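To start, the structure under review is shown below, and the notes come after it.
Read the numbers this way: they start at 1 and go in the same order the structure lists the ligands and their atoms. Just so it is clear, the structure is predicted and the values come from calculations on it, not from any experiment.
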Amino acid sequence: MAHKDIKILAIETSCDETSAAVVENGRKVLSNIISSQIDIHKLFGGVVPEIASRKHIEKIDPVVKKALEEADCDLSQIDAIGVTYGPGLVGPLLVGVSHAKAISFATHLPLVGVNHIEGHICANYIEHPDLEPPYLCMVVSGGHSHLVKVCDHGDFRILAKTRDDAAGEAFDKVARAIGLGYPGGPKIDKLAKEGDPEAISFPRAHVNDAPLDLSFSGLKSAVLNYMNKCQMTGVPINRADIAASFQKAVVDAIVEKMMMALDEYKTDTICLAGGVAANSALREACIKACDERNARFIYPSPVYCTDNAAMIGVAAYYEYMRGIRDGFDLNAVPNLKIGAGHK
Ligand code: KG4
Ligand code: ZN
């Protein structure tokens, strides 16, 4: 007898995108609606949590309806509701969690809380039907930079992390310093194409007692110091060269740790995930480094790198299949850690 297809309605509101998706059997995206608030937040140079919460409240219902419409289904054809419950901004998270609970209460559909970072990792399943654990994943997002071992579905272990700033945070701070505005990552990515990555030698941090750990705050300070020095000595600032040289330093550090991890954990598959995984130079460098050692490198399309509900639908599917069900006491957990959710 054929297995019944499982459809998950997923909701993501952890930061500044209101997103809903319908995902079938954890791999097939039937719809993925993303309503971005970037145009509002860029006026303030970053995400304003209170404004984000209010916008999520306005958008969540139409975004969920559109996701169902585009997937050509109604709630009676859905098997479970997946929702991000952390980590993220508490107000925005609460909007998604409350909305998911309301749908679950009204329809009696099971509720499955999802860890946002685990969702980022699961984005890799969408376009790689044969990807199965165990594998390594470097997660580089706006708020997190972690090297994770995915031992099994629902079994995530942190192997290393950033000691200070996340990779995306470094992109955003440096972009602000050179006057590119928010969000910095895509803007640096674009401007760097016009600059020389070898023009300025910025430092690559090494954490002595934990060689796989990352650190980006020294690099950010080096960029600021370089700019101050130029200003004081009257040397003209070439923003494209700064963008390209800074980006090269970030990319070198991330790729170096990924290659070290392949050696240390004696595996030949590594994935990339999170907003910074959309960076064109990082993707190219990973492809090259993995090619050279015959390792398999897997990365999501840009739309599945930055925040989206499809990845939450994938993660929710695997939790649902493990029998995970949340109650109406599911709450937002702003500092939720990887692997700290359902056991
Ligand atoms: O994963 P994400 O959407 O949100 C979090 O969970 O934090 O990541 C957002 C981060 C931002 O810092 C943004 O600047 C960065 O990802 N980002 C990029 C690119 N696109 C987004 N960084 C570098 N290059 C990009 N193309
Ligand atoms: Zn994210």
Asp189 and ligand 1 - part of the residue with a heavy-atom distance under 4.0 Å: side chain
Minimum non-hydrogen distance to atom 1 (O) of ligand 1, winning option of Ser14, Gly143, Gly275: Gly275
Part of Thr306 within contact of ligand 1 (heavy atoms, under 4.0 Å): both
Closest approach of any protein heavy atom to atom 12 (O) of ligand 1, naming residue and atom: Asp172 OD2, 2.7 Å
The one among Ile117, Asp307, Val276 that brings a heavy atom closest to atom 2 (P) of ligand 1: Asp307
For ligand 1, the portion of His120 having any non-hydrogen atom under 4.0 Å away: side chain
Protein contact of atom 22 (N) of ligand 1 - nearest heavy atom, named by residue and atom, plus distance: Gly185 CA, 3.2 Å
Closest approach of Ala166 to Glu169 (non-hydrogen atoms, all atoms of both residues): N-OE1, 2.9 Å
Check: Arg27 side chain, His128 main-chain N or O, donor-acceptor pair, under 3.5 Å: yes
Heavy-atom nearest neighbour in the protein, as seen from atom 8 (O) of ligand 1, with distance rounded to 0.1 Å: Gly142 N, 3.2 Å
Ligand 1 versus His116: contacting region, heavy-atom distance under 4.0 Å: side chain
Salt-bridge contact Asp39-Lys42 (side-chain N to carboxylate O under 4.0 Å): yes
Heteroatom distance test (Phe171, ligand 1): nitrogen or oxygen, under 3.5 angstrom: no
Pair His116, Asp307: side-chain N/O donor-acceptor within cut-off below 3.5 Å: yes
Distance-only polar pair, side chains of Ser14 and Glu12, donor-acceptor under 3.5 Å: yes
Geometric cation-pi criterion, Arg176 with Tyr182: 6.0 Å, 45°: no
Nearest neighbour in protein (non-hydrogen) for atom 24 (N) of ligand 1: Asn279 ND2, 3.0 Å
Which of the ligand 1 atoms, numbered from 1, are nearer than 4.0 Å to a heavy atom of Ala278: 26 (N)
Contacting atoms of ligand 1, where contact means under 4.0 angstrom from a heavy atom of Gly168: 12 (O)
Connected hydrophobic set around Ile33, excluding itself, where side chains approach under 4.5 Å: Val63
Near-ring test His153/Tyr125, centroid separation under 6.0 angstrom: yes
Closest non-hydrogen atom pair, Val95 against Thr13: C-OG1, 4.4 Å
Near the Zn ion (ligand 2) (under 2.8 Å) - protein N, O or S atoms: His116 NE2, His120 NE2, Asp307 OD1
Heavy-atom gap Pro186 to ligand 1 smaller than 4.0 Å: yes
Flag, side chain of Ser301 to backbone of Tyr304, donor-acceptor distance under 3.5 Å: no
Pair Tyr318 and Tyr320, ring centroids less than 6.0 Å apart: no
Ligand 1 to Pro183 polar contact by distance, N or O atoms, under 3.5 Å: no
Pair Asp189, Ser280: side-chain N/O donor-acceptor within cut-off below 3.5 Å: yes
Step-by-step side-chain contact (heavy atoms from CB on, under 4.5 Å) determination, Ile178 to Met227: CA-CA 8 Å; Ile178 60 175; Met227 290 188 45; 3.3 Å; yes
